[in-house]
Amino acid sequence: MCGIIGYVGDKEAAPILLESLKKLEYRGYDSFGFATLYEGNICVHKDVGRISEHKNLNLPGKIGISHSRWATHGGVTKENSHPHMDCKNQIVVVHNGIVENYQELKKELLGRGHKFRSQTDTEVIAHLIEEDLGSGFEAAVKKALSRIEGRYALVVMEKGSDELIAVRRGSPLIIGAGEHENFVASDIPAFLERTRNVMYLDDNEMAVLTRTGVRFCNIQTGEETKKRIIRIEWDAEQAKKGDYPHFMLKEIMEQKETIMRAINQDEREIQNIADEINKAFGTFFVGCGTAGKVCLAGEYIFSKVAKKHVNFVVGSEFPNYHHFLKPRTLMITISQSGETADVLEAVEVAKKEGVKVISLVNVMGSTLDRVSDHTFLINAGPEKAVASTKATTAQLALVTLLAYASAGKLEEGKRLLMETASAVNDMLNPRYEAHIKKLAEKLKDEPNIYIIGRSLNFPIALESAIKIQEVSRIHAEGFAGGELKHGPLALIHNGTPCIALIANDEVKKDVISNAMEAKARGAYIIGISPESNEIFDYWIKVPDAGNASPIVNIIPVQILAYHLGVLKGLDPDYCVNLAKSVTVK
Ligand code: AGP
């Protein structure tokens with residue numbers, strides 16, 4: 001959602017904060033701000049726009065905080081950008097999350113004479129801390145937070161203090177322990193070039209950072225906590241664009257390797273979890289957005305491969321299902337970031353009923369990784385573009401592997417996925433990309449694109465629509481092929497682009513019939529399929545991947561969405577109005 005980075009050390013803070021915040025831009029990119037402490041005074045710089053375009057930051061001081069914002073409360077203005085301060089400019093706060101009771105707190109604070117400069121919920125935190133500063137910085141922060149409802153991560157600095165205080169409840173915060181310098185950030189890439197030693201903050205935990213060390217305590221009990229330093233082994237280069245113009249294209253191309261990495265799991269663990277699914281009193285797959293579409297694909301894959309009924313429920317709706325939860329129910333969550341608030345809330349609901357939670361996550365050390373009873377890391381490497389690509393296919397591969405294991409055919413599943421990974425490797429070549437780019441040139445000014453699929457490829461039709469919407473801002477909708485005639489056909493007229501996702505399976509003829517129904521009404525049919533067909537106006541060939549067809553069918557749509565975005569003059573990495581990691585409800 002928003003990106004936070006704090007620094008305290010023996011170097012000038014501003015250049016470090018500026019560089020580090022650029023690495024967190026994928027978390028929020030509508031405005032940004034910095035605060036440093038110099039000779040006892042707080043210096044602030046805020047602006048609206050993209051941090052990546054900001055060149056210099058002339059703020060003195062060796063301690064500071066900064067923030068890239070994705071607006072929730074209050075419009076995108078300089079005043080609403082973080083950091084936020086109290087009435088006397090003694091306290092400065094950056095915050096990720098939502099203060100759910102901010103309206104009543106603000107009313108109270110206004111009643112006591114506080115003056116507000118922004119429309120944000122965050123500003124109440126600065127004023128609450130201000131009220132108790134007499135009892136000391138740390139105590140004042142704890143007291144203020146005891147009044148706050150909601151999930152958050154925040155970092156606070158006080159005029160005249162050489163400490164940064166960081167607190168987490170529900171949103172990620174990670175400490176980077178360097179030499180004569182310490183960092184706190186929403187994500188590791190922010191400081192990875194400076195230190196590989198990290199400590200993850202837990203919920204309700206406070207970290208007090210100085211140049212020489214970091215201490216931790218629980219804000220509810222006041223007890224000191226000890227943290228283990230974890231060494232990050234992945235490379236900072238992996239989180240860079242390299243020679244690619246955009247992260248999205250780099251991540252699409254990385255699918256040459258990531259599918260293989262996703263299935264490289266401990267086979268005993270895969271089999272154990274598959275056995276648990278077989279024995280469970282109901283299994284719920286839970287995820288949001290694209291990860292939710294992978295869950296829905298899981299429903300189809302389990303049904304087809306393992307003849308097993310599993311249920312998909314979208315994260316934000318899961319609490320409505322709590323009546324069906326029993327201690328022998330299993331929950332399988334799928335998430336790239338491991339920080340999606342709706343999924344974390346669903347996990348809380350499940351855990352209250354004693355449900356075991358298994359997660360398929362990309363980010364190691366994320367909240368979901370840590371609260372789950374068992375995690376499978378999909379090992380896709382850092383995914384920075386807001387539109388998920390390589391994480392999606394890695395998740396699809398792992399779900400497919402689990403379904404095969406559940407059917408007692410783990411080896412067969414592994415073979416299928418290895419062949420698919422190798423086919424994807426062959427497919428992702430410059431000629432293939434150019435063929436799809438040509439289609440993007442034809443479609444770029446279209447107001448609507450429709451996508452149809454059946455069976456395993458129905459969820460992929462839905463996912464295709466998300467990809468096109470978020471990257472190109474073209475209205476796109478996915479349907480089950482059979483549903484066209486129940487309504488959406490009314491939207492088809494001469495030249496309307498309709499993508500048909502077709503696999504060599506038992507529903508192939510039916511999807512072709514559905515595409516014909518659209519063609520009879522003038523639709524321009526784009527077939528994504530292993531074989532050509534006379535009804536296609538444009539054919540994108542994909543390998544025949546059997547039950548792994550969702551993996552190969554989504555890739556050309558990812559490439560199409562990317563080129564549509566670029567041709568429309570949009571930045572495909574930063575989808576308008578969206579954030580990479582959605583840490584609010
Ligand atoms: C993906 O392209 C989207 N940006 C979005 O739907 C995303 O999949 C969703 O927010 C869930 O994120 P997660 O995988 O990090 O939980």
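Read the numbers this way: they start at 1 and go in the same order the structure lists the ligands and their atoms. This chain uses plain numbering: 1 for the first residue, then up along the sequence.
Protein heavy atom nearest atom 10 (O) of ligand 1, with residue, atom name and distance: V582 CG2, 3.8 Å. Atom 14 (O) of ligand 1 has Q336 N, 2.7 Å as its closest protein atom, hydrogens excluded (heavy atom only). Among protein heavy atoms, the minimum distance from atom 1 (C) of ligand 1 is reached at T290 OG1, 3.1 Å. In terms of protein heavy atoms, atom 11 (C) of ligand 1 is closest to C288 O, 3.3 Å. For atom 16 (O) of ligand 1, the closest non-hydrogen atom of the protein is T340 OG1, 2.5 Å.
Ring pair H374/F376 is perpendicular by interplanar angle, where above 60° counts as perpendicular and below 30° as parallel. The aromatic rings of F318 and F284 sit perpendicular, their planes meeting at an angle over 60°, well past the 30° parallel limit. The aromatic rings of Y538 and H435 sit parallel, their planes meeting at an angle under 30°, below the 60° perpendicular limit.
Counting only residues at least two apart or on different chains, the side chain to side chain donor-acceptor pair (under 3.5 Å) pairs with a member in residues 562-571 are R50-D571, H246-Y562, E433-H563.
Set against the non-hydrogen atoms of A291, the atoms of ligand 1 under 4.0 Å away are 8 (O), 14 (O). Contact atoms of ligand 1 toward A387: 2 (O) (distance under 4.0 Å to a heavy atom of the residue). If you number the atoms of ligand 1 from 1 as listed, the ones under 4.0 Å from a heavy atom of S388 come out as 1 (C), 2 (O). Close approach to S337 involves these atoms of ligand 1, each under 4.0 Å from a residue heavy atom: 13 (P), 15 (O), 16 (O). The distance from ligand 1 to the heavy atoms of K467 drops below 4.0 Å at these ligand atoms: 1 (C), 2 (O). Those atoms of ligand 1 that come under 4.0 Å of a heavy atom in G289, given as number and element, are 6 (O).
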Report the C-alpha distance between E251 and K384 in whole Å, list the side-chain angles of each, state the deciding distance to 0.1 Å, and finish with yes or no for salt bridge (charged side-chain N to carboxylate O under 4.0 Å, His left out).
-> CA-CA 8 Å; E251 289 158 9; K384 295 283 228 30; over 6 Å; no
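When the heavy-atom distances from atom 3 (C) of ligand 1 to E383, Q395, E470 are ranked, the shortest goes to E470.
Exactly one residue among R151, R168, R169 makes a salt bridge (charged side-chain N to carboxylate O under 4.0 Å, His left out) with D203. That residue is R168.
Within the 4.0 Å heavy-atom cutoff, V343 does not count among the residues contacting ligand 1.
More than 12 heavy atoms of other residues, nucleotides or ligands shown are found within 6.0 angstrom of CE on M253.
Nearest heavy atom pair, residue A548 against residue L417, reads CB-CD2, 4.3 Å.
Between F302 and H309, the ring centre distance reaches or exceeds 6.0 Å.
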